[in-house]
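Here the structure is laid out as structure tokens; the discussion comes afterwards.
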Amino acid sequence: QVQLVESGGGLVQTGGSLRLSCAASGDIFIIGRMGWLRQAPGKQRELVTTITSGGSTNYADSVKGRFTISRDNAKNTVYLQMNTLKPENTAVYYCNAAITTRGPVLVTRDYWGQGTQVTVSS
């Protein structure tokens, strides 16, 4: 059974930093694209950043220059370094990964972490 476990959220003051991590476990053949999404109260879930298996990245305009996504393929882990945090970054952050599992045939689908709360005080 594949699961993604997130950690690193918390409360931080404006201008501070946090580092989120998300580790995948289970009968994994390979992990493709990984990413982070977030949802603030009363707002739609939005894509924050993605990273391919080869290391190519994309960022939402609002976080460019402040957030950095990275991954450690040997550890099946993706990270999100968040610097110069702002109150508008307050949200529940979810990691996401396209994971191929072994079985009678190889099956690829998206998995999501449980979410971790990031709160930035003004």
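Small disclaimer: the values here were computed from a predicted structure and weren't measured. Computed over heavy atoms, backbone and side chain alike; hydrogens, waters and symmetry mates excluded.
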Report summary line: The reported gap from CD1 in I51 to OG in S70 (rounded to nearest 0.5 angstrom) is 6.5 Å
Query raised in the report: Do you know which two heavy atoms are closest between Q117 and A91, and how far apart they sit?
Result: NE2-O, 3.4 Å
Report task. Write down the atom of R102, the atom of I28, and the distance for their closest heavy-atom approach. Result -> NE-O, 4.5 Å
Requested in this report: Considering non-hydrogen atoms only, spot the tightest contact between V118 and M82 and give its length.
Outcome: CG2-CE, 3.8 Å
Query raised in the report: Is there a side-chain hydrogen bond (donor to acceptor under 3.5 Å, both in side chains) between S21 and S7 once you walk through the steps?
Result: CA-CA 5 Å; S21 64; S7 62; 2.8 Å; yes
Query raised in the report: Y79 ring centre to R19 NZ or CZ under 6.0 Å, with the angle to the axis within 45°?
Result: yes
Report summary line: When every non-hydrogen atom of L47 is compared with those of A60, the smallest separation belongs to O-CB, 3.7 Å
Query raised in the report: If you round to the nearest 0.5 Å, how far is CG of L37 from CD of Q44?
Result: 12.0 Å
Query raised in the report: Within 45° of the ring axis of Y94 and under 6.0 Å from its six-membered ring centre, is that where the NZ or CZ of R45 lies?
Result: yes
Query raised in the report: Quick one: CD1 on I31 to OG1 on T108, what's the gap to the nearest 0.5 Å?
Result: 11.0 Å
Requested in this report: Calculate, to the nearest 0.5 Å, the distance between atoms OG and CD belonging to S62 and E46 respectively.
Outcome: 5.5 Å
Query raised in the report: Okay, side chain of T49, backbone of N58: is any donor-acceptor separation there less than 3.5 Å?
Result: yes
Query - Closest approach of L18 to L85 (non-hydrogen atoms, all atoms of both residues) - result: N-CD1, 3.9 Å
Query raised in the report: Between S17 and N83, is a side-chain hydrogen bond (donor to acceptor under 3.5 Å, both in side chains) present by the stated rule, with each step listed?
Result: CA-CA 4 Å; S17 298; N83 297 327; 2.9 Å; yes
Report summary line: In short, C22 meets L4 closest at the heavy-atom pair SG-CB, 3.7 Å
Report summary line: Between the OG1 atom in T77 and the CD atom in E6, the distance rounded to the nearest 0.5 Å is 12.0 Å
**Report entry** Approximate separation, where rounding is to 0.5 Å, of T119 OG1 and N89 CG
**Finding:** 11.0 Å
